[in-house]
J.: 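So that we are looking at the same thing, I have put the structure below in structure tokens.
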Protein chains: 2
Amino acid sequence: MGDEAISERVVEELQRRILNGQIPVGSWLRHSTIAEEFGVSRTPVREALRVLHAQGIVTIVRNRGARVNGHSGRDVRELGEVRAALEGLAAELAVERINDAQIRQMEKALEDFAAALEKYAGNPELALSAEANQRWSETNRDFHSAILAGSGNHHLVLSIEDVGRRLPLNSSYPVYAGNSRLLKQNLEEHQRIATAIREHDADGAREAMVAHIRSASESLARYVEETERRR
Amino acid sequence: MGDEAISERVVEELQRRILNGQIPVGSWLRHSTIAEEFGVSRTPVREALRVLHAQGIVTIVRNRGARVNGHSGRDVRELGEVRAALEGLAAELAVERINDAQIRQMEKALEDFAAALEKYAGNPELALSAEANQRWSETNRDFHSAILAGSGNHHLVLSIEDVGRRLPLNSSYPVYAGNSRLLKQNLEEHQRIATAIREHDADGAREAMVAHIRSASESLARYVEETERRR
DNA sequence: TGGATCACTTCTGGATCCCATCTGCGGGGA
DNA sequence: TCCCCGCAGATGGGATCCAGAAGTGATCCA
């Protein structure tokens, strides 16, 4: 227990905070500040920042420090294309390899999503709440991770995680929040993917997944371009 | 000039040596040895090893050090599937986005490969030489990187590089070396991809590329399984 | 003689120290 | 008054120092 190196813990915590926006894009990460907060020396912090740099999460400027990378609309589209290809592969492979437990997890995520949609449908206030965001993200994650696990390809999971780290996915929630049209579309796309998997249609599953991820990332790209135009 | 951090240089050099087999799989990387060789202190070396760990190239065992990761046949197949999906996407995108210079680079790589095949065809000795290996790998790299550049997706390039780092590709040369059947097949697959791109057939290009990478990685997987059975 | 134990060696992980470089500010000169 | 230069503080990069963990081998006891 506790056999994890300090630098690893720092990496994970910083990843988390950057991903969920707690540490905003463009901010500088200072050795001393982070070291102090974690109650450690600067050495493991430096190692952590080098790792984040290698992962493309921050940029290290010599003698200046590490700064959190932002993402243009173009970045979002490019990452969307990559993620679509990878998740499309996952869906295609899952058709052959997914097991019953994973199928059930997938079905459950669908039901939960539908139930949440029902609940928040005619309730704009609730739909914008943090609780609602939590549910969208959780059911969404469960659905995708069931298929990912069903692909039986561990390196594929690693690659998708890698892409995910480069793109703060959580910045996608405000895109959906309160937009019942997009939420409904999301559900329909999920159902289309699930149906193809149930029916053992590998090409169909892949194509449905690719279309799904591309449309989602297109929405996100537009959102990003919109918000960056406003400042 | 020389504005690159020492740890970055160490990372790149170690990547290179591990990729080309100069540092064998399973060997331990010791701080002091590497530090001494590079004429630096252990600090940047430690940072470099953390980065290699994050990239999945080495495993860090607490209080023991870093060891170069090996690859089972299964790993090779999984990575092959991932790479096939990514390069397939590159081919698909290249159909729409590739420019004339990149087309010419692609054609030139094809011609060079064919010329090399011709030259070494009836000459088993030359075909096994380091010079021959050099030419196979170079023309192969040129062909794929032309298409990659033609995809116009920088994040895609990054992801493929990431997969490539996890799998010492150069270990694939001995698979081809002197095997004119595989080399010829390789050339034919490349030509099929190039034709689809020329004819603006996105699906065809993707499928040809996926088939190409999968068959190549299947050969590599068999080779790996064969050699690991021998010890 | 075989096996367990304990001291020694080696090496990593984290902390501290030192130095180079960059930024911001204030004073002096045009 | 404005610009430029230089100095001081802040910050990061690299080296060194120290403590603790794991392997190794010798020694002692059954």
Side-chain angles (χ1 to χ4, degrees), chain A residues 1-18 22-70 165-166 231, chain B residues 1-18 22-70 165-166 231:
Chain A
M1 199 165 57
D3 63 336
E4 200 179 31
I6 289 184
S7 67
E8 304 253 329
R9 275 223 308 286
V10 176
V11 166
E12 283 163 25
E13 181 59 19
L14 290 179
Q15 278 176 350
R16 217 179 51 72
R17 294 192 192 175
I18 292 172
Q22 213 170 322
I23 298 176
V25 159
S27 52
W28 289 96
L29 301 176
R30 313 231 166 259
H31 291 180
S32 19
T33 312
I34 300 171
E36 205 173 326
E37 182 186 338
F38 283 78
V40 299
S41 82
R42 282 171 43 210
T43 309
V45 174
R46 284 175 52 183
E47 290 172 4
L49 292 180
R50 290 260 171 234
V51 169
L52 294 184
H53 174 62
Q55 292 175 337
I57 297 176
V58 305
T59 301
I60 290 184
V61 186
R62 189 168 164 93
N63 291 321
R64 294 295 332 269
R67 184 205 304 247
V68 180
N69 286 336
R165 273 193 291 269
R166 270 182 273 170
R231 356 185 174 105
Chain B
M1 195 165 62
D3 63 335
E4 198 179 32
I6 289 184
S7 66
E8 303 252 330
R9 276 222 309 286
V10 176
V11 166
E12 285 163 25
E13 182 59 20
L14 289 179
Q15 278 175 350
R16 216 180 51 73
R17 294 193 192 174
I18 292 171
Q22 212 170 324
I23 299 176
V25 159
S27 52
W28 290 95
L29 301 176
R30 312 223 168 270
H31 292 181
S32 21
T33 312
I34 300 171
E36 204 173 328
E37 182 183 339
F38 283 78
V40 299
S41 84
R42 283 174 42 217
T43 309
V45 174
R46 284 175 52 184
E47 291 171 4
L49 292 179
R50 288 266 170 227
V51 169
L52 294 184
H53 174 61
Q55 292 175 337
I57 296 175
V58 305
T59 300
I60 290 185
V61 186
R62 190 170 163 82
N63 292 320
R64 292 301 337 265
R67 185 206 300 249
V68 180
N69 285 336
R165 274 192 291 267
R166 270 183 273 169
R231 348 185 178 108

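Just so it is clear: chains get the letters A, B, ... in the order the sequence lines come, proteins before strands, and each one is counted from 1. Just so it is clear, the values below take in all heavy atoms, side chains as well, and ignore hydrogens, waters and symmetry mates.
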J.: Tell me if the CD atom of A/Q22 is crowded by more than 12 foreign heavy atoms within 6.0 Å.
T.: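 It does: A/Q22 CD has more than 12 such atoms within range.
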J.: Under 3.5 Å, which N/O atoms of the protein pair with N/O atoms of nucleotides 12-17 of chain C?
T.:
| from | atom 1 | to | atom 2 | distance (Å) |
| --- | --- | --- | --- | --- |
| C/dT12 | OP1 | B/H31 | N | 3.2 |
| C/dG13 | N7 | B/R42 | NH2 | 3.2 |
| C/dG14 | OP1 | A/I6 | N | 2.9 |
| C/dG14 | N7 | B/R46 | NH1 | 2.5 |
| C/dG14 | N7 | B/R46 | NH2 | 3.2 |
| C/dA15 | OP2 | A/S41 | N | 2.7 |
| C/dA15 | OP2 | A/S41 | OG | 2.7 |
| C/dA15 | N7 | A/T43 | OG1 | 2.8 |
| C/dT16 | O4 | A/T43 | OG1 | 3.3 |

J.: Hey, is B/R17 close enough to B/E13 for a salt bridge, meaning N to O under 4.0 Å?
T.: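 Result for this pair is yes, salt bridge flagged.
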J.: If we only count heavy atoms from C-beta on, is the A/L52 to A/V11 side-chain gap below 4.5 Å?
T.: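 In contact.
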J.: Round to the nearest Å and state the distance from B/E36 atom CD to D/dA15 atom P.
T.: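 B/E36 atom CD is separated from D/dA15 atom P by 13 Å.
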J.: So do the side chains of B/V10 and B/F38 get within less than 4.5 Å of each other, counting heavy atoms only?
T.: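 They are in contact (side-chain heavy atoms under 4.5 Å apart), so the answer is yes.
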J.: With sequence neighbours left out, what residues match B/R46 under salt bridge (Lys or Arg N to Asp or Glu O under 4.0 Å)?
T.: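 For B/R46, the residues satisfying salt bridge (Lys or Arg N to Asp or Glu O under 4.0 Å) (neighbours in sequence not counted) are A/E47.
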